[in-house]
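Chain A is the first sequence line, chain B the second, and so forth, proteins listed ahead of strands; every chain is numbered from 1. Worth saying up front: this structure is predicted, and the values here are computed from it rather than measured.
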Amino acid sequence: MRFTIRQNDLRTKARAGELETDHGTILTPIFMPVGTAATVKGIFHRDVRDEARAQIILANTYHLYLRPGMPIIEAAGGVHRFSTWEGPMLTDSGGFQVFSLAACRKLKEEGCHFRSHIDGSKHLFTPESVIDTERTIGADIMMAFDECPPGDAPREYAAKSLELTQRWLDRCFDRYHRTQPKYGHYQALFPIVQGCTYPDLRSRAAENVLQYDADGYAIGGLAVGEPTEVMYEMIEVVNAVLPENRPRYLMGVGTPVNILEAIERGVDMFDCVMPTRNGRNGQLFTAEGVINIRNKKWEADFSPIDPEGTAFVDTLYSKAYLHHLCVCGEMLAAQIASLHNIAFYLRLVGMAREHILAGDFKPWKETMVQKLTRRL
RNA sequence: GUGGAUGUAGCUCAGUCGGUUAGAGCGUCGGAUUGUGGUUCCGAAGGUCGAGGGUUCGAGCCCUUUUUUCCACC
């Protein structure tokens with residue numbers, strides 16, 4: 001998997017690059033829509049690709065392991081053939097579920113014992129079993145199995161958690177090197193840098209992952225409750241250590257402003273449920289600010305959803321119609337808003353890339369940050 | 001015309017034996033959501049209890065007049 005930096009921004013640490021996978025080349029910085037169950041909720045793959053212009057999507061190891069289960073994925077010939085998504089894919093390992101499903105699991109040295117949120121059945125996830133599962137799913141980029149601790153974790157817990165994550169990482173790479181892809185295309189394994197909000201732990205964690213000479217590196221455990229400024233500081237600490245010539249992936253982030261700030265600090269890849277989840281709840285992100293389409297003020301506004309938008313829904317449908325669909329709880333409301341939002345996120349990172357290449361990222365970013373937080 | 005029922009938040013309705021600041025759902029307004037347990041969650045505003053009079057320490061509730069809407073019968 002080759003990563004080439006085309007341009008470094010002169011005044012910031014932002015970079016424009018190309019990441020080559022066996023399913024296509026990804027232009028960075030990039031946003032990756034989340035498709036937990038091998039679907040970006042509510043949107044046809046065709047529209048994810050052609051309208052939102054997504055270049056890579058996520059799927060989730062924990063969720064696909066439970067449903068439909070690995071025998072089905074393997075019989076289908078991997079997640080690409082099963083889902084018909086032909087572009088690059090990335091699987092999260094289930095490490096985030098260690099955090100988000102904390103009430104349903106027990107952590108041990110060997111791994112994480114989950115009680116299924118679907119039927120209560122018990123499942124042991126180990127670094128080895130997760131790599132095996134990710135091999136079976138067959139994504140182009142596999143994520144290491146880690147513990148994602150909460151943002152307010154005390155230092156003692158954060159340090160212990162980091163050590164566990166590092167031991168697990170070693171076991172992940174050991175299994176990775178002993179196994180082969182199942183479907184004839186290359187699979188990268190990205191380690192995840194943890195360390196909560198403690199700069200020295202973060203720095204040490206970043207130093208530790210260098211030993212694996214990975215195709216890319218992820219920053220995890222952020223946007224989980226800590227103040228935004230602390231998150232930015234942690235990104236700076238970690239990126240000061242990570243190699244320049246590998247892609248950097250900030251997991252689970254974030255708002256449009258978060259993404260621009262992280263790009264400025266040298267991050268190349270992002271994923272977040274925000275555009276789809278918030279879209280389902282009526283929040284639209286635009287270059288001029290945020291719209292809550294449920295508000296009565298849009299009831300008779302027949303202007304396009306987003307005149308500057310590039311997805312067909314942006315100019316085909318009016319705000320009044322989307323407001324109506326949203327108020328009625330119609331499925332189409334979630335579909336339109338989700339497609340609009342991921343199209344906007346992709347347009348935003350696309351513009352960021354253009355401005356990095358043009359050399360004026362910094363002033364462009366400053367004006368965008370002003371506009372993006374406005375409430376319309 | 002006669003008899004009966006009815007009127008409580010924007011809408012549809014609860015409201016115990018007459019007892020503290022009259023409630024719910026929906027709607028409205030606002031907020032939350034960050035490697036997806038979310039058609040979700042949280043909060044706020046909104047009342048001369050149709051109107052007048054009376055009984056009572058105290059009335060949404062009891063009495064009375066009037067009025068609204070609905071039903072049945074002439």
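Nucleotides B:rC49 and B:rU68, compared at atom C1', are 15 Å apart to the nearest Å. Taking the C1' atoms as reference points, B:rU21 lies 16 Å from B:rG58, given to the whole Å. Nucleotides B:rA9 and B:rG46 are separated by 15 Å at their P atoms, to the nearest Å. Taking atom C1' on both B:rU55 and B:rC70, the two are 31 Å apart, rounded to the nearest angstrom. To the nearest whole angstrom, the two C1' atoms, one in B:rC74 and one in B:rG10, are 40 Å apart. Comparing the P positions of B:rG15 and B:rC71 gives a spacing of 24 Å, expressed to the nearest Å. Straight-line distance between the C1' atoms of B:rG23 and B:rC61: roughly 15 Å, to the nearest whole Å. On the C1' atoms, B:rC17 is 28 Å away from B:rU12, given to the nearest whole Å.
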How would nucleotides 27-37 of chain B be written as a contact map, 5' to 3', with B for base contact, S for sugar-phosphate-only contact and - for no contact, using protein heavy atoms under 4.0 Å?
-SSSBSBBBBB
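In this structure, the ring of A:Phe302 has its center no less than 6.0 angstrom from the ring center of A:Tyr321. Taking the six-membered ring for Trp and the full ring otherwise, the centers of A:Phe285 and A:Phe344 sit at least 6.0 Å from each other.
Using a cut-off of 4.0 Å between Lys/Arg side-chain N and Asp/Glu carboxylate O, A:Glu128 and A:Arg175 are scored as not salt-bridged. Between A:Asp268 and A:Arg15 there is a salt bridge, since a side-chain N of the basic residue sits under 4.0 Å from a carboxylate O of the acidic one. The existence of a salt bridge linking A:Lys13 and A:Glu236 is excluded, since no basic side-chain nitrogen approaches an acidic carboxylate oxygen closer than 4.0 Å.
Between the side chain of A:Arg202 and the backbone N or O of A:Cys196 there is at least one donor-acceptor pair closer than 3.5 Å. Judged by distance alone, with hydrogens and angles left aside, the side-chain atoms of A:Tyr183 form no donor-acceptor pair with the main-chain N or O of A:Val79 at under 3.5 Å. Not a single donor-acceptor pair under 3.5 Å links the side chain of A:Thr84 to the backbone N or O of A:His80.
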Side-chain donor-acceptor pairs under 3.5 Å in residues 35-48 of chain A, sequence neighbours left out?
residue, atom, partner, partner atom, Å
A:His45, NE2, A:Ser83, O, 2.9

A correct dot-bracket answer for RNA chain B, with pairs being Watson-Crick or G-U at under 3.5 Å, [ ] for crossing pairs and | for inter-strand pairs, is (((((.(..((((.....[...)))).(((((.......))))).....(((((..]....)))))).))))).
